[in-house]
Amino acid sequence: MSIYANNPLLSRHSHIRLLRIISVSKSPLDRVTCAFSTFDINSAPKYQALSYEWGPTSPTIVIDVMGQPARIRSNLWNFLSRLRSHGYEDYLWCDAICIDQSNDYERNHQVQLMSQIYRKAHSVLVWLGEEDQYSDITLRSIGLLSSFKQDALRQPHLTERAKIWQGLVALSRRRYWTRIWIVQEITVARDLQLFCGNETVQWSAFATACKFPSDQSTPWAAELWTPLNVEDDRKQHLRRSRGREIHHSTMYGLIKSQKRWPKFVESFETLFVRYQDSGCEDPRDRIFALLSISKEVVLERGFNANYKLNMEDTFLSLMAWGATGPVKIDSRIKFALLAVESMDLRWPSYKLESALRFKSQRSWSYFKWIQQPLAMTVRCQRSGKWPLYNQRSKGRGLDTISDCDDEDYSIRSLPLEISSEFVEYNHGDRHDLDLFGFARSDIRLICIPAVNRRRTWTVVARPSYQFLSHNEQTSEKAEKRKDRELAPTVFEGLNIVEGASERFVLELKNVAQFMEILLTDRGPLPSSSTTAPGRGKGGGSLAAPTNDKTRGLNAVLKGLRIISPITLTAEEEPATSEEDSENESTLTDWKNLVAESEVLAKVKIRKPPIDKPRLSHKLNVYPFSEYY
């Protein structure tokens, strides 16, 4: 029978299990014996929450839980054994034992409570693992130095401060700090106590010792980082290099986060970038662990984790959750990109609309996503105007709008066609329709004012991307005209609404529309330097450096021409003599600006007070060399 059978966690209740170590024997050779009880988290007795690294899956060690054998990993067994030797008999919360890890429902339920569990704990007990060469003297000395009020009592322990520096660096390199879940466990804790081997120290004292440059208002910490009384330059450099490495470590970053929270809460994007190298056993944990302490959740409502869903469904449920308000409109595409990166999601078979020539080329993912509703607004921006002409499609008797007015199809692209369902104009007229786009994507949408809705536009098409080769345009031109079947854009019929301060949002209706924007945003750059109108290079990409002293500005200037301050056009118009004169003057001004920019670009940057640590081997200083 399962050890959890007599202590179930009731659904729709904030219940947790709390563990107690039964002191049958303090011998490290004897089996650890535990028992747990179930409590409501809001009325639970005082308890400590354990924070530790799960470690390798083998070997495992048997303990007794509720009179039955249960296997746990060796690192947790070491922690429980040390707690038993320290005489801990209070209630404990430990995820590996207090949660039935084989029950997905229970895991989902407890993950939602994880932040509360560590916030409400009387203290969080941090286990860094077994002792090493300097860990004992480091923690013992910090504990003693922080407790002595008189200088004379501190002096004997300061003679070993070089070893304490090395010990702090070694502790900052421990694998414990690389776990993604500890970010939440430490950040929200009210108080913490640090364990390593047989030694223990209060978190506040440990945090003070790690501060470099030291806190001058705390005498013992200032004395701890006092330079050595030796003339050896290498040993003096050792102090600075140790302090800088600690300052830039993940360990010290968490010390600062715990001190500032919850007065200072950061966004999910900021947390994700900072802890992107932290590890987890399930890729979704990277999102679940950080969301619970991010600004999006702390100020709104939490996300219901569900381990039964596959990666793609988890991603889509995250997007639907974010669309309800927790994730800001301007950050939704970026949030989605971070989630995709975290879960390593790929859709290699999906074909973007920019690569389509016929309806039959749609990917199977498109037909699945088009059926999945997703009510979401994403930020867009007005890009200008797009000139179109009304004409009749040959052989079909359908009034259409086209982005070319030439009877010959051999110009730059296939004509863009818009059904008269959306547009009703006189034959032969030119119309400047509104063009909208996205800051980080090459998607452009052609829109017309919506009927019976103020400050609203309706998407009618996308600019044409498809190009015909010369042979196709000449020998098979008539056949192409007859059989060509254009694929309508997935955005057709959507509304763009203008809000305050001329800020626009596109109202999406299904997953296919969102994924087209997302995957276009992530798409590779075109192989050719020549791009289609409205296509451009993907957002966030850097061009290759050139040998040109103007850093490539001349190449850009050759293709730039300002037509008007508001209207953008794809057509070439002959320049007048006045315009030629103005262009020459403008080009001269540009040359002057480029020359000045080269001087202004050479900015002198002040050296920060604390540099990142240099590689030790460059100065022949080894991390744990014995100089003393």
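All values reported here derive from a predicted model rather than from experimental measurement.
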Shortest non-hydrogen contact from [X] toward [Y]:
| X | Y | result |
| --- | --- | --- |
| S172 | W177 | O-CD1, 3.5 Å |
| V201 | A205 | CG2-CB, 4.3 Å |
| D191 | H122 | CB-O, 4.1 Å |
| M251 | C210 | CE-SG, 3.7 Å |
| E266 | R260 | OE2-NH2, 4.1 Å |
| V265 | P262 | CG2-O, 3.3 Å |

Distance-only polar pair, side chains of [X] and [Y], donor-acceptor under 3.5 Å:
| X | Y | value |
| --- | --- | --- |
| S204 | Q202 | no |
| Q276 | S278 | no |
| R119 | S115 | yes |
| S141 | R161 | no |
| S331 | E269 | no |

Salt-bridge present ([X], [Y]; N to O < 4.0 Å):
| X | Y | answer |
| --- | --- | --- |
| E245 | R173 | yes |
| K328 | D330 | no |
| E185 | R179 | yes |
| E223 | R154 | yes |
| R84 | E89 | no |
| R17 | E106 | yes |
| E281 | R73 | yes |
| R174 | D132 | yes |

Hey, does the side chain of [X] reach the backbone of [Y] with a donor-acceptor pair shorter than 3.5 angstrom?
| X | Y | value |
| --- | --- | --- |
| T218 | A221 | no |
| T187 | Q184 | no |
| W321 | P326 | no |
| H247 | F212 | yes |
| S342 | L338 | no |
| W165 | L224 | yes |
| H109 | S14 | no |

Does [X] reach the side chain of [Y], with side-chain heavy atoms less than 4.5 Å apart?
| X | Y | answer |
| --- | --- | --- |
| V65 | F36 | yes |
| Y275 | I180 | yes |
| L337 | L518 | yes |
| I63 | R71 | no |
| M114 | V188 | no |
| Y47 | K120 | yes |
| Q110 | D95 | no |
| L50 | W93 | no |

> Under 30°, 30 to 60°, or over 60°: which ring-plane class applies to F206 and W203, parallel, tilted or perpendicular?
Replying inline: tilted
> Between H86 and F195, what is the ring plane arrangement, given parallel below 30°, perpendicular above 60°, and tilted in between?
Replying inline: perpendicular
Please round to the nearest 0.5 Å and tell me the distance separating atom [atom1] of [X] and atom [atom2] of [Y].
| X | Y | atom1 | atom2 | answer |
| --- | --- | --- | --- | --- |
| T208 | I142 | OG1 | CD1 | 9.5 Å |
| K211 | K259 | NZ | NZ | 6.5 Å |
| R284 | L318 | CZ | CG | 10.5 Å |
| C94 | L18 | SG | CG | 11.5 Å |
| L128 | S51 | CG | OG | 9.0 Å |
| R107 | D282 | CZ | CG | 6.5 Å |

> Honestly, is R20 close enough over Y91, meaning NZ or CZ under 6.0 Å from the six-membered ring centre and within 45° of the axis?
Replying inline: yes
>> Between D104 and K308, does the salt bridge (Lys or Arg N to Asp or Glu O under 4.0 Å) criterion hold? Intermediate values first, please.
In response: CA-CA 6 Å; D104 285 337; K308 289 185 176 181; over 6 Å; no
> Would the W127 and Y52 ring centres measure less than 6.0 Å apart?
Replying inline: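 No, ring centres 6.0 Å or more apart.
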> Are L113 and Q116 close enough, and set up right, to give a side chain to side chain contact (heavy atoms under 4.5 Å, CB included), and what steps lead you there?
Replying inline: CA-CA 5 Å; L113 297 176; Q116 292 187 58; 3.7 Å; yes
> Out of D285, T314, N103, which one pairs with Y307 under the side chain to side chain donor-acceptor pair (under 3.5 Å) rule?
Replying inline: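 One option only clears the test, and that one is D285.
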> What residue among E131, R140, R82, E130 forms side chain to side chain donor-acceptor pair (under 3.5 Å) with N198?
Replying inline: R82
> For I186 and S257, what are the C-alpha separation, side-chain angles and deciding distance, and is it a side chain to side chain contact (heavy atoms under 4.5 Å, CB included)?
Replying inline: CA-CA 8 Å; I186 290 178; S257 296; over 6 Å; no
>> Evaluate W77 against T60 for side chain to side chain contact (heavy atoms under 4.5 Å, CB included), listing each step before the verdict.
In response: CA-CA 9 Å; W77 184 87; T60 59; over 6 Å; no
> Taking everything shown except R175 itself, do over 12 heavy atoms lie less than 6.0 Å from its CZ?
Replying inline: no
> Does the side chain to side chain contact (heavy atoms under 4.5 Å, CB included) test come out yes or no for W181 and V111, once each step is laid out?
Replying inline: CA-CA 11 Å; W181 278 109; V111 164; 4.0 Å; yes
> Would Y176 and E53 satisfy side-chain hydrogen bond (donor to acceptor under 3.5 Å, both in side chains), going step by step from the backbone distance to the final call?
Replying inline: CA-CA 5 Å; Y176 167 83; E53 178 197 1; over 6 Å; no
